[in-house]
Amino acid sequence: MAAAAATALAAVLLLLVLATTAEAACSVSAIYSFGDSIADTGNLLREGPAVGAFASIGTYPYGQTLRRPTGRCSDGLLIIDYFAMALNLSLVSPYLEKGARFESGVNFAVAGATALDRSYLLQSGVVMPPASVPLSSQLDWFRSHLNSTCSSHQDCAKKLSGALFLVGEIGGNDYNYAFFQGRSIESMKTYVPQVVRSIMDVAKASIEVIELGATKIVIPGNFPIGCSPSYLSLFSTAISGDYDDRGCLKSYNSFAMYHNDQLRAAIDDLRKVNSDVSIVYADYYGAFMHLLQKADLLGFEEGSLFKACCGAGGKYNFDMNLMCGAVGTNVCEDPARHISWDGIHLTQQAYKAMALSLIMEGFAQPADIVQNIWSC
């Protein structure tokens, strides 16, 4: 009963946000999104046959809550979808969707994408999927889109004046690929400044692409990867002191915070030289930890907080060699009671809870700018 009541409460809160946005025209008329599988609404699926960890995203059980696979790495909707709904916008179409009118903006995010270019990672000995589309390529797509849709400089200025730019979450795959190939945490700390620089380059380009460029930018930080079933499975240890009181790996969460601290410092620097631009830091780390803390109230099964809904069994229901959708994997009865969908990505219900926390509970800062963006 408590779980059902919590789920109903979350639904009511979202309805309140949507009702508020419907009362007046929002200041945001479109979303332009860059990132990876946390935001990809179908680009990888349309780019070509998905491989590796993404091989099954175009088939069930992916998309089962929506009753069809959409190319989203979840059972349903993502944070970007709830951001759009709260702005009274239709869902943002992926850039590679043929025939899309892009009335609510364009999503350039691609599952598997990295902040750093393929050449940099390969030179560093980090192997990555062949279809990976780095941030620099997504930025090229953005410029190409403007060139093909703007009739003039003034037209572009008008289009972007009411746009919200979502730059990330991105950088997670730069670290994932390296960690999953055996790199140490200390060695990966040397990558962080370059990853942050790549993220900020896209934010700067969003501002500079035309003279009246982006005026509203949201830049998310990294998740607490030490709480992910994939990391918990791959880097499990018998040393109890390696885990925090929730059961997350402390060292990998500390690394995520190290990334986020550098990203926030870079955002502060960007604000100083662009005082006329509203730049928001979205604390995905804090929103996720809040989700864990309030899991029971939000309707999630207490015993399944670190178990993938879709997986191949074991303590965390995760096996890197037998990913969700492969023969031999299983799917939980109710994804809405689980936080993790496939051991790497979250369920629709978890993404919805995070979106609400970011918009309404102070996990995106500065709070006054967030209120201005989403209070229509």
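For clarity, every value in this text was computed on a predicted model and none was experimentally measured.
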Measure the shortest side-chain to side-chain distance between Leu166 and Pro220 over non-hydrogen atoms and say whether it is less than 4.5 angstrom.
yes
Between the side chain of Ser132 and the main-chain N/O of Pro129, is any donor-acceptor distance below 3.5 Å?
no
Is Glu301 reaching over with its side chain to a backbone N or O of Gly303, donor-acceptor style, under 3.5 angstrom?
no
Taking side chain as C-beta onward, heavy atoms only, is Met323 less than 4.5 Å from Ile344?
yes
Below 4.5 Å, heavy atoms only, C-beta onward: do Trp374 and Leu87 meet side chain to side chain?
yes
Side-chain H-bond candidate by donor/acceptor type, Thr41 with Asn107, under 3.5 Å
yes
Please check this pair: side chain of Asp81 against backbone of Leu78, looking for a donor-acceptor N/O pair closer than 3.5 Å.
yes
Could you check whether any side-chain N or O of Asn222 sits under 3.5 Å from a backbone N or O of Gly172, counting only pairs where one atom can act as donor and the other as acceptor?
no
Should Phe102 and Val92 count as side-chain neighbours, where that means a heavy-atom distance under 4.5 Å?
no
Give a yes or no answer on whether the side chain of Ser304 reaches the backbone of Phe300 with a donor-acceptor pair at less than 3.5 Å.
no
Side chain to side chain, Ser236 and Tyr243, heavy atoms closer than 4.5 Å:
yes
Are any of the side-chain heavy atoms of Val28 and Ile373 separated by less than 4.5 Å?
yes
Note, Met354 side chain near Phe363 side chain (heavy atom, < 4.5 Å):
no
Cut-off 3.5 Å, side chains only: do Tyr191 and Arg183 have a donor facing an acceptor?
yes
Does the side chain of Ser230 come within less than 4.5 Å of Phe180's, by heavy atoms?
yes
Would the distance check show the side chain of Gln293 and the main-chain N or O of Met289 forming a donor-acceptor pair, the cut-off being under 3.5 Å?
no
Can a side-chain donor-acceptor contact be found between Asn260 and Tyr284 if the only test is distance below 3.5 angstrom?
no
For ring pair (Phe, Tyr, Trp, His ring centres under 6.0 Å), just list the numbers for Phe34 and Phe108, CA-CA rounded to whole Å, side-chain angles, deciding distance to a tenth of an Å, and then say yes or no.
CA-CA 5 Å; Phe34 306 85; Phe108 302 99; 5.3 Å; yes
Short question: side chain of Ser206, backbone of Val202 - any donor-acceptor pair under 3.5 Å?
yes
Is the distance between the ring centroids of Phe142 and Tyr95 less than 6.0 Å?
no
Establish, yes or no, whether the cationic atom of Lys189 lies under 6.0 Å from the six-membered ring centre of Tyr258 and within 45° of the ring axis.
yes
Between the side chain of Ser29 and the main-chain N/O of Gly162, is any donor-acceptor distance below 3.5 Å?
yes
Would you kindly say whether Thr70 and Arg72 are connected by a side-chain donor-acceptor distance under 3.5 Å?
yes
Residue among Leu121, Asn176, Asn173 satisfying side chain to side chain contact (heavy atoms under 4.5 Å, CB included) with Met128:
Leu121
Minimum-distance pair of heavy atoms, taken over all atoms of Ala350 and Ile339:
CB-O, 3.5 Å
Are Thr347 and Asp75 linked by a side-chain donor-acceptor pair shorter than 3.5 Å?
no
Side-chain donor-acceptor pair under 3.5 Å between His259 and Tyr175, yes or no?
yes
Could you tell me whether Asp268 and Arg271 have a side-chain N and a carboxylate O separated by less than 4.0 Å?
yes
Counting N and O atoms only, with roles assigned by atom type, does the side chain of Asn274 sit under 3.5 Å from a partner on the main chain of Leu270, one being a donor and the other an acceptor?
yes
Is the Tyr82 to Tyr351 ring centre distance short of 6.0 Å?
no
For Cys332 and Cys310: C-alpha separation, side-chain torsions, deciding distance, then whether disulfide bond (SG atoms under 2.5 Å apart) applies.
CA-CA 6 Å; Cys332 66; Cys310 180; over 6 Å; no
Testing the 3.5 Å rule here: is there a donor-acceptor pair between the side chains of Ser184 and Ser187?
yes
Tell me if a side-chain donor or acceptor on Tyr60 pairs with a main-chain N or O of Arg67 at a distance below 3.5 Å.
yes
Nearest heavy-atom neighbours spanning Gly299 and Arg337:
O-NE, 2.5 Å
